[in-house]
Amino acid sequence: MTDGTLSRPPVHALLADGTTVRVRPVRPGDHEQLQRFYEEMSPENLRLRFFAVSPRSAAMAADRACAPARPGYRALLAETQGHVIGLAEYDTGGDGDAAEMSIAVADRLHHRGVGTLLVEHLVSAARARGITTFTADALSENRDVLRLFADLGLRTARHFEGPEVRCTIALDADDTYLSAVEERGRAADVASLEPLLRPNVVAVVGAGRKPGSVGRAILHHLKAGGFTRRLFAVNPSVNSVLGVPCHPSVSALPLTPDLVVVAVPAAVVPATAEECGKAGVRALLVVTAGLDRSQAQALLGACRTHGMRLVGPNCLGISNTDPELCLDATFAADHPRPGTAGVAVQSGGVGIALLDGLSRLGIGVSSFASLGDKYDVSGNDMLQWWESDGRTDLALLHLESFGSPRAFSRTARRVTRRMPVLTVDAGRTEAGRRAAASHTAAAATRTMTRQALFTQAGITATRSVGELLETAALMHSQPLPAGTRVAIVANAGGVGVLAADACVEAGLALPSLAPEVVDDLLAVLPLGAVVGNPVDTTAAVSEDQLQDALDRLLRSPDIDAVLVALVPTALAAATGEDLIRALTNGLAHRARPVVAVRLEQDLPVKLLPATAGGSVPSYADPQSAARALAHAARRAAWLDRPLGTVPDLDGVDTRHAQEIAEACLAAHPDGGWLEPRTCADLLTCYGIPQLPWSWAETEEDAVIAAQRLRGPDGRVVMKAHWPGLLHKSEQHAVHLDLQGDAQVRAAFRDFETRFAGLMTGVVVQPLAARGTELFAGVVQDQVFGPLVLFGLGGTATEVLADHAARLSPLTDHDVHDLITAPRCAPLLFGAHGAGPVDLEDLEQLLLRVSRMASDLPQLAEADFNPVLAAPGGVTVLDARVRLLPREPQDPYLRRLR
């Protein structure tokens, strides 16, 4: 049995070959099957596990694993369809931060990643219990288990003692380990998606004779799209549909399908899934909508039990345009054009719009997944598929929810280094809500959280499907700009002005052209041309003149991109000039992006093909072109920046902080706001600087505290406190500038009178020096994890709502971004003649707040307002922390949703 883990639910995860297994704690009733698990091992496997073969080995091992719960012991097993295939255990001996670890895997499952997966889960469980080291003994000839330990990604030392090896494994879950886990997860994930996205045999269940049915439409698409592998239909009433052979059931098919498309009524879906699982099907595409809760649970349960990956339900379908496959299992109106963009959406309507848009642009699609209600396969899965498929160079996402945002973030950070990842930031109406209160949870909107995820992961977030396609057109066809400096060339002055406004509003810069560039342009442009920025070529410009001007601008070291705004003129028509050809000639030799704006264009964006290959994006609106350039510039800046690191912090006492949290929740099982003394103790564990203060419950104690804390000016501040008090200023629960004992007594009596029956005490502090009042805080999002907020503080924080946010843990780059993102940032760098604040101390404060949030899953909310920032340092003047009873969750642990 396990140490306090019987309440933990089982999880499903993938082995190296894509097989689904269930990982769960051992239960008392597992004794018989655990004994059988060992008895079925070969004598050689038993010898390597126990160092000797004894008739009692199996029974003793099962006895130990199923014994009554005891401190410091944990056992996890892996099973498929109710059969145990692996067991991992650790035992501290009752106390301490080191544990002996052992592992066993069924003979037939060797070299498929069972042991590695179990050890990963055991490491996660041990770290949550404060265990820092595993030791494991193995025979030196047991190369498999020694290789398993060596390949974990954890620091491992070996000590040889005769025929045995003692391995000591440090359980530091650093980036090296997380990257190793991530790579194993990626390989397993891609393997599990092969039957879904590269099936050899496909069957459609629910393809009827009646035109208009979804099943029939998908079957038609598969056949008409030229699916190159074996295709069947399941229909007990007919022998064929659309010329595709029919069989009465999945089990009656002559070949076991890799992928089954399910298009039957909701009530029949669970039974269909169960039949598919028993027949050995590896993947399901369920397009059916309207499943109720029990039907949904039964569907997912069948998929997990039988190891089937699932897309849907309630979805449009999937496609893979690989010419060797030609899989189009959708009911969209048209087949997607083959290409290089991977697309994953939850909304079928958005999916159709993106498929049509990408086909119209000529970019095309490598693979497409409409995820629908997203019970299983997610955007994270698709990113890993595109990373590995050898065909995708652009990823487009439209996700309305995230199953594991932190795992998604790590995947996206890796994938965006290789290809652009674009998304639509949907559901932004919440962003219009101003923070109604100054505490962190009210200030943190879901939109802010999503945007933090996108920013940190390097994902390009657009505001609409149209903007997504416009940006995709540029990133597909043009190099990234090195910066934000844009030169505008127009053959009509008014269009140039519109383009200039659009660029500035998008955050781009319009630098003045260097004198030598001006001279070069004047030498090639018609008389009357105005060479500023924008450059007005006049309507008389010819194709050759425009191309010469572009070439000269693109050679300028002061320009990162060129926007060419053109309108049709009678002069060009009369002379047969093709100004568009000037944009596409010599395209292959350009190292900087060129975009066109044509106000008369019938479509929002087109790709203008060049005769020698390649294309130039052309927009009907200068704002669209400017937005696309701005997105490309941000991506280039993100790629140029080195990967951030989470700095090591001194003076952190995580163990004591966890003890404080556990003690508070033991006294208050429902959680709540910490009282000031406990809150201060918690902050001290992380070295968070606080203004000196004292707690007082009587008038005399308040006077004594004031006498001790008065600064050179003799003034102190008194703040009333009672459980649940959030807004001291609104409640008039603060007295400032108290001088002398008489004023301190009067302030205390005032609080006693007004807050009788509420107040539990007061906090007395010296009056703080002058500085910039800031706000810092944390909110623990149930889905996204801890979010760190920063911005302008004081009583105006809820009015101005000048906050930025990043997901924890913060890297050094995240902290820099967090400090510079709010509108108040210039104040921190010495704007308006004031000296800059101590930025190093401010960075340290945010890093320590982030560390506290990462260490303590019970920390529901922390609110530091105001934080006083001055040239001499940074100090928290007021702090509140709220705890809730929450179990730690390892966001990087390999498991299916």
Side-chain angles (χ1 to χ4, degrees), residues 393-396 412-413 415-425 451-452 454-464 466-489 496 498-514 517 533-535 550 553-565 583 587 590-597 605 607 614-619 621-644 804 813-814 816-817 820-821 825:
D393 60 17
L394 182 67
L396 277 63
R413 287 178 198 235
V415 175
T416 49
R417 294 278 164 186
R418 301 181 57 177
M419 69 180 75
V421 178
L422 286 71
T423 189
V424 178
D425 186 11
Q451 289 171 346
F454 296 151
T455 299
Q456 288 171 267
I459 296 171
T460 300
T462 65
R463 296 174 63 85
S464 67
E467 186 179 338
L468 184 74
L469 289 169
E470 292 159 2
T471 307
L474 189 148
M475 291 190 179
H476 170 78
S477 63
Q478 295 291 297
L480 294 175
T484 60
R485 302 167 302 175
V486 177
I488 296 172
V489 179
L498 292 174
D501 288 342
C503 286
V504 172
E505 289 168 354
L508 302 170
L510 300 180
S512 298
L513 302 180
V517 176
N533 194 6
V535 175
L550 283 178
L553 279 171
L554 290 167
R555 287 198 298 267
S556 170
D558 302 322
I559 297 300
D560 300 311
V562 177
L563 186 154
V564 183
L583 306 184
L587 191 60
R590 294 174 184 165
R592 296 184 175 108
V594 174
V595 301
V597 172
V605 59
L607 285 177
S615 55
V616 172
S618 176
Y619 301 90
D621 183 347
Q623 290 181 320
S624 300
R627 281 195 302 261
L629 279 172
H631 283 307
R634 282 191 286 271
R635 170 163 171 76
W638 190 86
L639 289 172
D640 285 344
R641 191 167 70 170
L643 292 173
H813 294 319
D814 293 332
H816 176 269
D817 291 345
T820 55

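Being a predicted model, the structure only gives us computed values, none of them experimental.
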Novice: Identify, with sequence neighbours excluded, every residue that meets side chain to side chain donor-acceptor pair (under 3.5 Å) alongside Gln478.
Specialist: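 Gln478: no side chain to side chain donor-acceptor pair (under 3.5 Å) contacts found.
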
Novice: For Arg555, give me all partners under salt bridge (Lys or Arg N to Asp or Glu O under 4.0 Å), at least two apart in sequence or on another chain.
Specialist: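 Partners of Arg555 under the salt bridge (Lys or Arg N to Asp or Glu O under 4.0 Å) test: none.
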
Novice: Do you know which two heavy atoms are closest between Ala412 and Ile459, and how far apart they sit?
Specialist: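 Of all heavy-atom pairs spanning Ala412 and Ile459, the closest is CB-CD1, 3.8 Å.
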
Novice: With sequence neighbours left out, write down each residue that passes side chain to side chain donor-acceptor pair (under 3.5 Å) with Asn533, or none if nothing qualifies.
Specialist: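 Once residues adjacent in sequence are excluded, Asn533 has no partner under the side chain to side chain donor-acceptor pair (under 3.5 Å) criterion.
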
Novice: Considering residues at least two apart in sequence or located in another chain, which fulfil the side chain to side chain donor-acceptor pair (under 3.5 Å) criterion with Thr416?
Specialist: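 Once residues adjacent in sequence are excluded, Thr416 has no partner under the side chain to side chain donor-acceptor pair (under 3.5 Å) criterion.
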
Novice: Under the salt bridge (charged side-chain N to carboxylate O under 4.0 Å, His left out) definition, can you give me all pairs with a residue in residues 631-641, not counting sequence neighbours?
Specialist: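 Residue pairs with at least one partner in residues 631-641: Arg641-Asp817.
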
Novice: For Arg417, what residues pass the salt bridge (Lys or Arg N to Asp or Glu O under 4.0 Å) criterion, not counting sequence neighbours?
Specialist: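 Applying salt bridge (Lys or Arg N to Asp or Glu O under 4.0 Å) to Arg417 gives none.
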
Novice: Check each of Leu550, Val597, Val535 against Val564 using the side-chain contact (heavy atoms from CB on, under 4.5 Å) test, and report the only one that passes.
Specialist: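 Only one option passes, and that is Leu550.
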
Novice: Taking Tyr619 for its side chain and Glu470 for its backbone only, find out whether a donor-acceptor pair lies under 3.5 Å.
Specialist: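 Flag set: sc Tyr619 to bb Glu470 pair under 3.5 Å.
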
Novice: Going by side-chain contact (heavy atoms from CB on, under 4.5 Å), name the residues that satisfy it together with Pro479, two or more places apart in sequence or in a different chain.
Specialist: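 For Pro479 the side-chain contact (heavy atoms from CB on, under 4.5 Å) partners, ignoring immediate neighbours, are Pro593.
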
Novice: I need the Thr455 OG1 to Asp814 CG distance, nearest 0.5 Å.
Specialist: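 It comes to 9.5 Å.
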
Novice: Could you list the residues that satisfy salt bridge (Lys or Arg N to Asp or Glu O under 4.0 Å) with Asp621, not counting sequence neighbours?
Specialist: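 Counting only residues at least two positions away or on another chain, Asp621 forms no salt bridge (Lys or Arg N to Asp or Glu O under 4.0 Å).
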
Novice: Distance from Leu553 atom CG to Asp558 atom CG, nearest 0.5 Å?
Specialist: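 Spacing of CG (Leu553) from CG (Asp558) equals 11.0 Å.
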
Novice: At their closest point, which heavy atom of Ile559 faces which heavy atom of Ala561, and how far apart are they?
Specialist: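 Looking at all heavy atoms of both residues, the shortest contact is CG2-O, 3.3 Å.
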
Novice: Taking only residues two or more places apart in sequence, or in another chain, which ones meet Arg592 in a side-chain contact (heavy atoms from CB on, under 4.5 Å)?
Specialist: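 Testing Arg592 for side-chain contact (heavy atoms from CB on, under 4.5 Å), a comparison that skips the adjacent residues, returns Leu554.
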
Novice: I would like to know whether Val605 and Leu474 meet side-chain contact (heavy atoms from CB on, under 4.5 Å); could you show each step before the answer?
Specialist: CA-CA 10 Å; Val605 59; Leu474 189 148; over 6 Å; no

Novice: Looking only at atom types and distance, does a side-chain atom of Thr462 sit under 3.5 Å from a main-chain N or O of Thr423, one as donor and one as acceptor?
Specialist: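 Such a contact is found between Thr462 side chain and Thr423 backbone.
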
Novice: Test of understanding: with side chain to side chain donor-acceptor pair (under 3.5 Å), list the residues that count as partners of Glu467, not counting sequence neighbours.
Specialist: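 With sequence neighbours excluded, Glu467 shows a side chain to side chain donor-acceptor pair (under 3.5 Å) to His631, given in chain and number order.
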
Novice: Can you list the residues that meet the side-chain contact (heavy atoms from CB on, under 4.5 Å) rule with Ala626, with sequence neighbours excluded?
Specialist: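 side-chain contact (heavy atoms from CB on, under 4.5 Å) list for Ala626, sorted by chain: Ala502, Cys503, Ala506, Leu508.
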
Novice: List for me each residue that meets side-chain contact (heavy atoms from CB on, under 4.5 Å) alongside Ala482, sequence neighbours excluded, and say none if there are none.
Specialist: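 Result, side-chain contact (heavy atoms from CB on, under 4.5 Å) vs Ala482: Asp560.
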
Novice: As an exercise, state the distance from CE of Met419 to CG of Leu394, rounded to the nearest 0.5 Å.
Specialist: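 These two atoms lie 8.5 Å from each other.
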
Novice: Using every non-hydrogen atom in the two residues, find where Leu629 and Pro481 come nearest and quote the distance to one decimal.
Specialist: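 Closest heavy-atom pair between Leu629 and Pro481: O-CG, 4.3 Å.
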
Novice: Flag the pair His813 / Gln456 as yes when at least one side-chain heavy-atom distance between them is below 4.5 Å, and no otherwise.
Specialist: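 SC-SC contact between His813 and Gln456 ruled out.
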
Novice: Check Pro617 against Ser477 and note the closest heavy-atom contact, atom names and distance.
Specialist: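 Taking every non-hydrogen atom into account, CD-OG, 3.3 Å.
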
Novice: Restricting to non-hydrogen atoms, name the atom on Leu583 and the atom on Ala596 that form the minimum distance, rounded to 0.1 Å.
Specialist: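 Heavy atoms only, the tightest pair is CD1-CB, 3.5 Å.
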
